[in-house]
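Let me begin by presenting the structure, written as structure tokens, before commenting on it.
All ligand and atom numbering here is 1-based and tracks the order in the structure. Residues: numbered from 1 along the sequence shown.
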Amino acid sequence: MAIYLDNAATSFPKPDEVHRAVVATLRDAGANPGRGGHYLALAAGRVILETREAVAELIGAPDAARVAFSSNATEAINTALFGFLRPGDRVVTTTMEHNAVTRPLRALQERGVTVVKVQGDARGWVHPADLRRACSVKTALVVLSHCSNVTGTLQSIEEIGPWCRKHGIAFMVDAAQSAGVFALDVMHMGIDLLAAPGHKGLLGPQGTGFLYVREGIELTPLIYGGTGGNSHSDLPPAAMPERLEAGTLNTPGLAGLAAGIRFLQREGLAAVRAHEAQLLAELIAGLRQIEGLMLYGPLDPERHGGALSFSIQGRDPAEIGYLLDREHGILTRVGLHCAPDAHRTIGTYPRGTVRISPGYFNTLDDMRFAVSAVAAVAGHPAA
Ligand SMILES: Cc1ncc(COP(=O)(O)O)c(C=O)c1O
């Protein structure tokens, strides 16, 4: 039997109620939401509305209409960056970002946006003072991930957001690794734009994600097309969320996302976080005993989210991951994890690391088994 430890890529398994919500929506509300006034279209529309309200409540958004759905975090991030930044703008980001942020910013750089990257430290932490220093009067936007998908490092967004607000700089958070595990409050954290996937910590199906846009910010859409209303016009609707939601939404997936959020709310985010921190502590304590093994990230449960990276001296992470899978049934991820800058920051470029990312459904026994498997692989180099 395999032990899935790749929840930073996508969470697995999902709660049973997520499966049930997807199937029930496909079966009983399978019409197109927002298109047509018949009862099935209205039922599909209700599913979307309920999910929007569940997301808004989860992130402390005062108005659910400011939440637009996307098919993943990448699409939400692209919508925010291409919709907000203009040639001549200056954006401050960090060396700990996922390619979902780095690549759109690179493309925008080629269109005349200035991109400044603030260096993280060896544990992946970006000092808020360094970030503040990098912001000049011309800075339009600060964008960073709340929690690194490579090192699990948590950034101090609750300090950075209010500072940006005070200085008239928009603040955008990539919550791909934190939504569903850490409490997010866009109002108190001074967040103007927040992108998250539905399929990781929120326990929803793949093909779901969202972007929160603060009232007062109107993004240029990334995608144009039908929205079910105002069909006489060849312009996109001005109002959110339709403005950013051209084309048919993933109604069954979003029903699953609402079920995932309801599950988390019932369990309590604090309990979810406490359990994952306990798993991480067990993992760190065990892996620390293995000779020649290097651990990365803060390694302090207070400042460390779900993902834990390691490498073994003289060994290729790809080989370690392969042996863990084939000989021990431990499913990890190896390499650069779509974040080459983060590996340059912590000194693991270009080979990358082995990443273990437990989820809410893993147990302490899973962690002990994983540690003994890593020890066996470490003590048994391939010829
Ligand atoms: C920090 C971070 N940002 C963005 C993404 C992209 O998420 P998605 O796969 O939903 O597009 C990921 C995915 O691993 C991530 O870890």
Side-chain angles (χ1 to χ4, degrees), residues 4-12 14 55 67-82 93-107 117 120 124-126 142-155 157 172-182 184 191 193-212 222-223 244 249-250 253-254 256-257 260-261 276 296-298 304-309 331-346 352-359:
Y4 182 80
L5 296 174
D6 195 14
N7 288 273
T10 202
S11 55
F12 179 78
K14 312 289 183 188
V55 168
V67 173
F69 291 118
S70 60
S71 51
N72 47 46
T74 302
E75 190 189 348
I77 292 167
N78 274 263
T79 302
L81 294 176
F82 282 98
T93 185
T94 85
T95 62
M96 290 304 294
E97 304 312 309
H98 189 276
N99 275 339
V101 169
T102 310
R103 287 179 172 171
L105 286 183
R106 171 62 199 261
K117 291 184 185 177
W125 192 54
V126 178
V142 165
V143 49
L144 82 166
S145 56
H146 185 190
C147 179
S148 163
N149 68 314
V150 173
T151 57
T153 313
L154 284 165
Q155 308 298 350
I157 59 167
M172 170 170 165
V173 173
D174 168 3
Q177 296 297 334
S178 58
V181 184
F182 296 93
L184 291 164
I191 298 171
L193 297 160
L194 182 135
H199 64 96
K200 299 189 200 257
L202 294 177
L203 306 176
Q206 292 173 13
T208 60
F210 67 86
L211 174 67
Y212 160 77
L222 189 66
I223 296 174
L244 302 179
L249 290 172
N250 175 3
L254 292 172
L257 172 57
I261 294 173
E276 293 196 8
Y296 303 97
H304 200 128
L308 180 68
S309 265
L331 311 185
T332 63
R333 177 149 176 216
V334 299
L336 295 177
H337 318 112
C338 299
D341 280 354
H343 287 278
R344 289 188 188 95
T345 305
I346 64 167
T353 54
V354 183
R355 181 182 75 184
I356 297 184
S357 52

Supply the atom-to-atom distance Asp6 CG to Arg355 CZ, rounded to the nearest 0.5 angstrom.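 Here the interatomic distance stands at 5.5 Å.
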N/O donor-acceptor pair under 3.5 Å between [X] side chain and [Y] backbone:
X: His337; Y: His98; result: no
X: Thr95; Y: Gly120; result: yes
X: Asp174; Y: Ala196; result: no

Heavy atoms from other residues, nucleotides or ligands near CZ of Arg103 exceed 12 (cutoff 6.0 Å): no
Exactly one candidate in Thr94, Thr93, Asp341 meets side chain to side chain donor-acceptor pair (under 3.5 Å) with Lys117; the answer is Asp341
Contacts table for ligand 1: protein N or O within a distance under 3.5 Å of ligand N or O, distances only.
| residue | atom | partner | partner atom | Å |
| --- | --- | --- | --- | --- |
| ligand 1 | 3 (N) | Asp174 | OD1 | 3.3 |
| ligand 1 | 3 (N) | Asp174 | OD2 | 2.6 |
| ligand 1 | 10 (O) | Ala73 | N | 3.0 |
| ligand 1 | 10 (O) | His199 | NE2 | 2.7 |
| ligand 1 | 11 (O) | Ala73 | N | 3.4 |
| ligand 1 | 11 (O) | Thr74 | N | 2.9 |
| ligand 1 | 11 (O) | Thr74 | OG1 | 2.5 |
| ligand 1 | 14 (O) | Lys200 | NZ | 2.6 |
| ligand 1 | 16 (O) | Gln177 | NE2 | 2.7 |

